[in-house]
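Heads up, the thing below is written out as structure tokens.
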Amino acid sequence: MTDPTLRGDYPKPAANLVFSTILKWDVILAVVIAIVGGVVGYLVVGPNGVWSALIGTGMVLVFAGVTSGSILVANRFHASPIYTTLFFVIVLGSWIVKFVLFIVLVVLLRGQPWLNDVVLFLSIVAAVLGTLVVDVVVVARSRMSYASDVRLPGGQ
């Protein structure tokens with residue numbers, strides 16, 4: 001029988017709303033950047049520009065999603081006695097996976113004839129800057145108190 005403290009059936013922290021909102025806006029931003037980048041890439045380079053914009057935007061969306069998603073998964077263990085350890089294992093483990101995946105993608109995509117490096121680079125830069133803006137705006141508007149998940153004695 002497994003230890004019930006490790007199941008992850010705990011109340012979710014208030015920060016989960018922030019990270020799920022970030023994920024939602026990152027997807028919306030990625031769709032917009034993919035469409036604009038694909039159109040501009042097609043007008044400048046042709047079909048290779050479309051593929052380059054889609055791949056660059058997709059890479060950033062996956063990497064940003066893995067970060068927010070890993071925090072949401074780790075927060076499922078919020079009330080666990082080993083929460084801090086689980087949080088860092090999950091989040092840092094996802095970062096290692098992202099790093100390895102990035103290296104693999106760079107090696108696989110380098111020198112491909114159907115890929116335009118400039119369009120790929122510009123779509124990655126636009127998506128990275130956009131996700132940073134989304135992160136800042138969502139966190140700034142979140143209106144979370146410093147002690148959002150504190151339970152007072154005798155309170156419900």
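Just the heavy atoms: all of them, side chains too, but no hydrogens, waters or symmetry mates, feed the values below.
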Say you draw a straight line from [atom1] of [X] to [atom2] of [Y]; how long is it, rounded to the nearest 0.5 Å?
{"X": "Thr21", "Y": "Arg141", "atom1": "OG1", "atom2": "CZ", "value": "12.0 Å"}
{"X": "Leu61", "Y": "Leu23", "atom1": "CG", "atom2": "CG", "value": "8.5 Å"}
{"X": "Ile33", "Y": "Leu54", "atom1": "CD1", "atom2": "CG", "value": "12.0 Å"}
{"X": "Asp117", "Y": "Arg110", "atom1": "CG", "atom2": "CZ", "value": "11.0 Å"}

Check: Which other residues end up in the same hydrophobic cluster as Val133, if Ile, Leu, Val, Met, Phe, Trp and Tyr are linked when side-chain heavy atoms come under 4.5 Å apart?
Finding: Val137
Item checked: Evaluation steps, side-chain contact (heavy atoms from CB on, under 4.5 Å), between Trp25 and Asp135 -> CA-CA 9 Å; Trp25 283 106; Asp135 292 351; over 6 Å; no
Taking all heavy atoms of [X] and all of [Y], pick out the closest pair and write down the distance.
{"X": "Ile22", "Y": "Val134", "value": "O-CG1, 4.1 Å"}
{"X": "Ile71", "Y": "Val91", "value": "CG1-CG2, 3.9 Å"}
{"X": "Val66", "Y": "Ser94", "value": "CG1-CB, 3.7 Å"}
{"X": "Ser52", "Y": "Asn48", "value": "OG-O, 2.7 Å"}
{"X": "Thr57", "Y": "Ala30", "value": "CG2-O, 3.2 Å"}
{"X": "Val50", "Y": "Gly38", "value": "CG2-O, 3.3 Å"}

Could you list the donor-acceptor pairs under 3.5 angstrom formed by side chains in residues 99-107, with sequence neighbours left out?
none

Same hydrophobic cluster for [X] and [Y], using side-chain heavy-atom links shorter than 4.5 Å among ILVMFWY?
{"X": "Val119", "Y": "Val125", "result": "no"}
{"X": "Tyr83", "Y": "Leu92", "result": "yes"}
{"X": "Phe88", "Y": "Leu72", "result": "yes"}
{"X": "Ile124", "Y": "Leu132", "result": "yes"}
{"X": "Val97", "Y": "Val73", "result": "no"}

Any side-chain heavy-atom pair from [X] and [Y] closer than 4.5 angstrom?
{"X": "Lys98", "Y": "Thr67", "result": "yes"}
{"X": "Met59", "Y": "Leu109", "result": "yes"}
{"X": "Val40", "Y": "Leu122", "result": "no"}
{"X": "Ile90", "Y": "Phe77", "result": "yes"}

Next item on the list: List the steps and the verdict of side-chain contact (heavy atoms from CB on, under 4.5 Å) for Phe121 and Asn116.
Entry: CA-CA 9 Å; Phe121 174 75; Asn116 183 282; over 6 Å; no
Notebook entry, point to check: With no hydrogens and no angle check, is any side-chain donor or acceptor of Ser123 less than 3.5 Å from a backbone partner on Leu120?
Noted result: yes
Notebook entry, point to check: When you measure from the side chain of Ser68 to the backbone N and O of Gly65, does any donor-acceptor pair fall under 3.5 Å?
Noted result: no
Checklist line | Over 12 foreign heavy atoms within 6.0 Å of OH, Tyr42 | finding: no
Item checked: Worked verdict on Trp114 versus Ile55 for side-chain contact (heavy atoms from CB on, under 4.5 Å) -> CA-CA 11 Å; Trp114 50 270; Ile55 289 172; 3.2 Å; yes
